[in-house]
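The figures that follow rest on heavy atoms only: side chains count, while hydrogens, waters and symmetry mates do not. These numbers come from a predicted model, not from an experiment. Position 1 is the first residue of the sequence; numbering continues from there.
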Amino acid sequence: AEQMNAKAKEIGLTNSNFMNATGLPHPDHYMTARDLVMLARRIISDFPEYYSYYSETNFTYNGITQGNRNPLLYKV
């Protein structure tokens, strides 16, 4: 979590605080919508080769197909 907070500051996330690396609930663990947008933009610009993964409507692993739960993918 310390490394996550240091990286967050480095990339300009000013309203985020991580208390664990798992994302499990903690009263002092937070991230604002603004910081989420900034992080998303950074991921897209730094790792464009993975951008196509975000539009996948389903994923199959070990014979099990799991649908994407992002409802925005199904808006036309």
Side-chain angles (χ1 to χ4, degrees):
E2 287 177 22
Q3 290 176 338
M4 291 170 67
N5 286 318
K7 187 65 172 182
K9 284 185 176 59
E10 178 186 320
I11 65 174
L13 305 183
T14 58
N15 294 300
S16 297
N17 188 60
F18 305 103
M19 297 304 294
N20 57 60
T22 64
L24 291 172
H26 187 285
D28 296 323
H29 187 109
Y30 58 86
M31 191 170 200
T32 62
R34 177 188 172 277
D35 281 1
L36 283 168
V37 168
M38 291 181 65
L39 180 60
R41 285 181 178 165
R42 185 71 188 256
I43 290 169
I44 291 167
S45 66
D46 289 358
F47 305 100
E49 66 272 23
Y50 300 118
Y51 190 62
S52 64
Y53 295 153
Y54 307 134
S55 64
E56 290 185 2
T57 54
N58 61 57
F59 178 76
T60 302
Y61 178 77
N62 202 23
I64 300 170
T65 299
Q66 182 71 47
N68 192 322
R69 293 182 179 85
N70 181 353
L72 297 175
L73 292 177
Y74 307 100
K75 300 283 183 183
V76 178

Minimum heavy-atom separation for Ser52 to Ser55, with atom names?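 Minimum heavy-atom contact is O-OG, 3.0 Å.
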Over all heavy atoms of both residues, which pair between Asn20 and Pro25 is shortest? Give the atoms and the distance, please.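 Reported closest heavy-atom pair: ND2-O, 4.5 Å.
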Spacing of CZ belonging to Arg42 relative to CG belonging to Asp35, to within rounding of 0.5 Å: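 Spacing of CZ (Arg42) from CG (Asp35) equals 13.0 Å.
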Nearest 0.5 Å please: distance from the CG atom of Leu36 over to the CG atom of Asn15.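 Output value for this atom pair is 11.0 Å.
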Kindly work out whether a path of hydrophobic side-chain contacts (I/L/V/M/F/W/Y, heavy atoms less than 4.5 Å apart) joins [X] to [Y].
X: Leu73; Y: Tyr54; answer: no
X: Tyr53; Y: Phe47; answer: yes
X: Tyr30; Y: Leu39; answer: no

For Phe18 and Met31, run side-chain contact (heavy atoms from CB on, under 4.5 Å): C-alpha distance rounded to whole Å, both residues' side-chain angles, the deciding distance at 0.1 Å, then the answer. CA-CA 8 Å; Phe18 305 103; Met31 191 170 200; 4.2 Å; yes
Within 6.0 Å of OH in Tyr51, more than 12 heavy atoms from elsewhere: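 Count not over threshold, so no.
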Taking the side chain from His29 and the backbone from Met19, do they hold a donor-acceptor pair closer than 3.5 Å?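 It does hold such a pair.
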Scan for side chain to side chain donor-acceptor pair (under 3.5 Å) pairs involving residues 60-76, sequence neighbours excluded, and state none if there are none.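 Counting only pairs at least two positions apart or across chains, the side chain to side chain donor-acceptor pair (under 3.5 Å) contacts touching residues 60-76 are Thr60-Thr65.
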I'd like to know whether Lys9 forms a side-chain contact (heavy atoms from CB on, under 4.5 Å) with Leu13, so could you lay out the CA-CA distance, the side-chain angles of the two residues, the decisive distance to 0.1 Å, and finally the verdict. CA-CA 5 Å; Lys9 284 185 176 59; Leu13 305 183; over 6 Å; no
